[in-house]
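Residue numbering restarts at 1 for every chain, and letters A, B, ... go by the order of the sequence lines.
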There are 2 protein chains.
Amino acid sequence: MVTISDVAKAAGVSISTVSYALSGKRAITASTRTRIEAAIRELDYEPNAGARMLAGATTNILALSAPIHADGHLPTHMRFVTAVVDTARKHDYDVLLLATDDDVSGIRRVAASSLVDGVVAMGVKNHDERVDVVRRAALPAAFIGIPGEDGHSGDGVACVDLDFELAGRLAVTTLAEAGHRSIGVVGHPPTYLARGTGFVQRFNLGLEAEAAARGIRIAVVSPTLARGAAERAFDELLDASPEMTAVIFHCNEPVVESVLRRIRERGLDVPRDLSLFAACASYDTSHLVIPLDCIPLPLDLMCRIAVESALRQVRGADALGVELITPVTENRGSVARPRL
Amino acid sequence: MVTISDVAKAAGVSISTVSYALSGKRAITASTRTRIEAAIRELDYEPNAGARMLAGATTNILALSAPIHADGHLPTHMRFVTAVVDTARKHDYDVLLLATDDDVSGIRRVAASSLVDGVVAMGVKNHDERVDVVRRAALPAAFIGIPGEDGHSGDGVACVDLDFELAGRLAVTTLAEAGHRSIGVVGHPPTYLARGTGFVQRFNLGLEAEAAARGIRIAVVSPTLARGAAERAFDELLDASPEMTAVIFHCNEPVVESVLRRIRERGLDVPRDLSLFAACASYDTSHLVIPLDCIPLPLDLMCRIAVESALRQVRGADALGVELITPVTENRGSVARPRL
DNA sequence: TTGAAAGCGGTACCAG
DNA sequence: CTGGTACCGCTTTCAA
């Protein structure tokens, strides 16, 4: 193993000079720096991680708390994970994946042993135990999602999320302005709400408020992930509100796909008979059987903001509180004016 | 931060005694041990990871090299990842997720900095650069999949995989013994083979050998993941071999689902008109629209073996070479004797 | 069975 | 602008 003193010897300088050349924390003459860099390259030197942690009190590792739920959507989950890893690497950080412990103990463990500089938490719930843990440990942390019963305070920790409430309003507004007066909603499974995922609540809040304000009729179904549940839910929707002219999807891709197939089976034309809108879509809506107008879930941006917030806190900054991302819409031709 | 000397002081012993009590590497009087354990609990002591790495030369961290391919199946990928994390945790190891660098540089980096004790590599290719890296670094490593052009040597590194060749034979045998003489195969996208994933080759090898030995007619299609490709491929299969009485799936779940739907659309009854068999299924075949007889991909077992092989090497054991898992079949009623 | 002390490989302070 | 050196917290050898 090649150490810093090997490099120092090779470059004919002291180890502190090498250390400073590496960290950039003090000025180095150009010629000295060149020699050091050459030595590093020649010897293929890489600083020892353990020594660095011990002396420097910083690990360049971020924990990613990524609990997996039985009813969760694995592809979406995976996209979040890789987006976090990507961003972390851009900042020269590695990611330790916490996906198996009950989350709290994993975080507690890596924090107590100073294995990580901070933590990014996904799958955030209203009542999230991890909030207490990171606060008590004074651990730099960023939540992807907003903890806290009220849905906007964030319980005092840094968090980032799409503004789901606004997204709910925006979805209704988009359809309302196209002339729709009765809208169906295909939502996430009821277990999401039961589990306390705030974003479903916030989305529904915005949706209902906007609908009420505009006097628009809303009917919601929340199919489970069981085979055929999505199709049945859609049928129910049509039976209950035959006058319905538009549907908002706020659910995962497989459910959307099932419903789209059902729509075809029933011989409905989109957007002539029915307008469709995918809200907070974690998937690409342009490759569906019927491409959908949508509000994309800005997953990469969310992860980037979270990682960078955590790293800012590592550098001593205060947690910035709740950061809401403004939803935007994308057009794919699945929304049109309803026939009279 | 509470350190080992705090514990030593509280227990009224030296730090070495505490260290040994923790590691169990030398005998400790019961009473002493009790006092130490009490102190640890009271102070909520957790050994500092950096210090441990530095002094002990072991990190209790495993790297997981998990490259993501555009044509890969995210849920399967995620299942591998969590299975590795699970097993690692059972052995008190944490997992550092390498999913963004070109893999080689990530492995090289964490190895050179002694950040990890070993590495588990998934998404293995015939010509896998990672093999060289771990060999040169003498890094404990286990590959999930078999590197090497010949498909069985493993290029001298530890690796584990389902015996895909045998699985190919077994799939054919199962159908042949039920009386089928013409079998269609729906395979993975052609990009898999192009990328050099050995398991597809090995499966095909076994399949073709067994079919040849039994004089069974085989027709293979390899649909891409594009929408409608699976359905079209199945139609082709039927057009090309109208006498076909059985189909083997060796592809990902969405392709299977598309074909199953097409089978229904065409009004075919399973297993009366067509027998179906899912080979090396990374998904649960009992929850499909039509439950399928299958050879399950023993994903958890593979990950367990890989992690444990890597850890054995950490402890100084030699790499055990190629470990092949014998495929087994499961019955769901989708295979029957063909009508005459 | 226990303790003292020499590192492990960096970081950062204090001198120069 | 550069060098010497006292730690960081733990493991392990050597002595007792």
Side-chain angles (χ1 to χ4, degrees), chain A residues 1-37 39-40 43-61 92 110-117 314-316, chain B residues 1-37 39-40 43-61 92 110-117 314-316:
Chain A
M1 168 186 248
V2 31
T3 74
I4 195 171
S5 47
D6 297 327
V7 175
K9 224 165 288 168
V13 296
S14 72
I15 58 171
S16 51
T17 304
V18 176
S19 177
Y20 283 117
L22 246 26
S23 68
K25 286 186 183 169
R26 83 180 182 193
I28 307 274
T29 316
S31 68
T32 311
R33 148 155 287 131
T34 315
R35 266 180 304 139
I36 292 177
E37 276 164 1
I40 289 178
L43 299 174
D44 201 19
Y45 166 73
E46 192 80 28
N48 179 286
R52 212 168 218 188
M53 290 185 197
L54 184 55
T58 169
T59 69
N60 271 40
I61 302 178
D92 200 31
V110 296
S113 61
S114 303
L115 218 195
V116 304
D117 292 340
V314 171
R315 282 182 241 112
Chain B
M1 167 187 248
V2 30
T3 74
I4 196 173
S5 50
D6 296 328
V7 176
K9 223 163 288 167
V13 295
S14 72
I15 57 173
S16 51
T17 303
V18 177
S19 177
Y20 283 117
L22 244 28
S23 67
K25 286 186 184 169
R26 83 180 181 192
I28 307 274
T29 315
S31 68
T32 311
R33 148 155 285 130
T34 315
R35 266 180 305 137
I36 292 177
E37 276 165 2
I40 289 178
L43 298 174
D44 201 21
Y45 166 72
E46 191 80 28
N48 179 284
R52 213 167 217 192
M53 290 185 196
L54 185 55
T58 170
T59 68
N60 273 40
I61 303 178
D92 201 31
V110 296
S113 61
S114 302
L115 217 197
V116 304
D117 292 341
V314 171
R315 282 182 241 113

key: Short side-chain donor-acceptor distance under 3.5 Å, B:Ser16 and B:Ser14   = yes

inquiry  = Is it true that A:Ser5 and A:Thr3 share a donor-acceptor pair across their side chains at a distance under 3.5 Å?
reply    = yes

task = From the options D:dG9, C:dG10, C:dT2, select the nucleotide whose nearest atom is closest to the side chain of B:Thr17.
result = C:dT2

key: Nearest-neighbour nucleotide for the B:Leu54 side chain, D:dG9, C:dG10, D:dT2 considered   = D:dG9

Using a 4.0 Å heavy-atom cut-off across all strands, classify [X] as base, sugar-phosphate, or nothing.
{"X": "A:Met1", "answer": "sugar-phosphate"}
{"X": "A:Leu22", "answer": "nothing"}
{"X": "B:Val13", "answer": "sugar-phosphate"}
{"X": "B:Thr32", "answer": "sugar-phosphate"}
{"X": "A:Thr3", "answer": "sugar-phosphate"}

task = Check A:Leu54 against B:Ala51 and note the closest heavy-atom contact, atom names and distance.
result = CD1-CB, 3.7 Å

query = What is the minimum heavy-atom distance between B:Ile15 and B:Ile4, and which atoms define it?
reply = O-CD1, 3.7 Å

key: Residue whose closest nucleotide on DNA chain C lies nearer the 5' end, B:Thr29 versus A:Ala51   = B:Thr29

Is there a donor N/O on one and an acceptor N/O on the other, under 3.5 Å, for the side chain of [X] and the base of [N]?
{"X": "B:Tyr45", "N": "D:dC10", "result": "no"}
{"X": "A:Ser16", "N": "D:dG3", "result": "yes"}
{"X": "B:Arg52", "N": "D:dT11", "result": "no"}

ask   = When rounded to the nearest 0.5 angstrom, what is the spacing between CZ in B:Arg52 and OG1 in B:Thr59?
value = 11.0 Å

Quickly work out the [X] [atom1] to [N] [atom2] distance and round it to whole Å.
{"X": "B:Ile15", "N": "C:dA5", "atom1": "CD1", "atom2": "C1'", "result": "9 Å"}
{"X": "A:Tyr20", "N": "D:dT2", "atom1": "OH", "atom2": "C1'", "result": "10 Å"}
{"X": "B:Ile4", "N": "C:dG7", "atom1": "CD1", "atom2": "P", "result": "19 Å"}
{"X": "A:Leu115", "N": "D:dC8", "atom1": "CG", "atom2": "P", "result": "20 Å"}
{"X": "B:Arg33", "N": "C:dT1", "atom1": "CZ", "atom2": "P", "result": "11 Å"}
{"X": "A:Asn48", "N": "D:dC8", "atom1": "CG", "atom2": "C1'", "result": "13 Å"}
{"X": "A:Arg26", "N": "C:dC13", "atom1": "CZ", "atom2": "P", "result": "10 Å"}
{"X": "A:Met53", "N": "D:dC10", "atom1": "CE", "atom2": "P", "result": "14 Å"}

key: Any donor-acceptor N/O pair, A:Ser113 side chain to B:Glu46 backbone, under 3.5 Å   = no

request  = Ignoring hydrogens and angles, tell me if any N or O in the side chain of B:Asp92 forms a donor-acceptor pair with the backbone of B:Asn60 under 3.5 Å.
outcome  = no

query = Using Watson-Crick pairs (N1 to N3, plus N6-O4 or O6-N4) and G-U wobble pairs, both distances under 3.5 Å, which stems of at least 3 pairs involve DNA chain C?
reply = C:1-16 with D:1-16

inquiry  = Applying side-chain contact (heavy atoms from CB on, under 4.5 Å) to B:Asn48 and A:Met53, what does each step give before you reach the verdict?
reply    = CA-CA 9 Å; B:Asn48 179 284; A:Met53 290 185 197; 5.6 Å; no

message = Is B:Ser19 close enough to D:dT11 that one of its side-chain N or O atoms is under 4.0 Å from OP1 or OP2 there?
response = yes

ask   = With nearest nucleotides of DNA chain D determined for B:Lys25 and B:Gly50 from heavy-atom distances, which residue corresponds to the more 5′ nucleotide?
value = B:Gly50

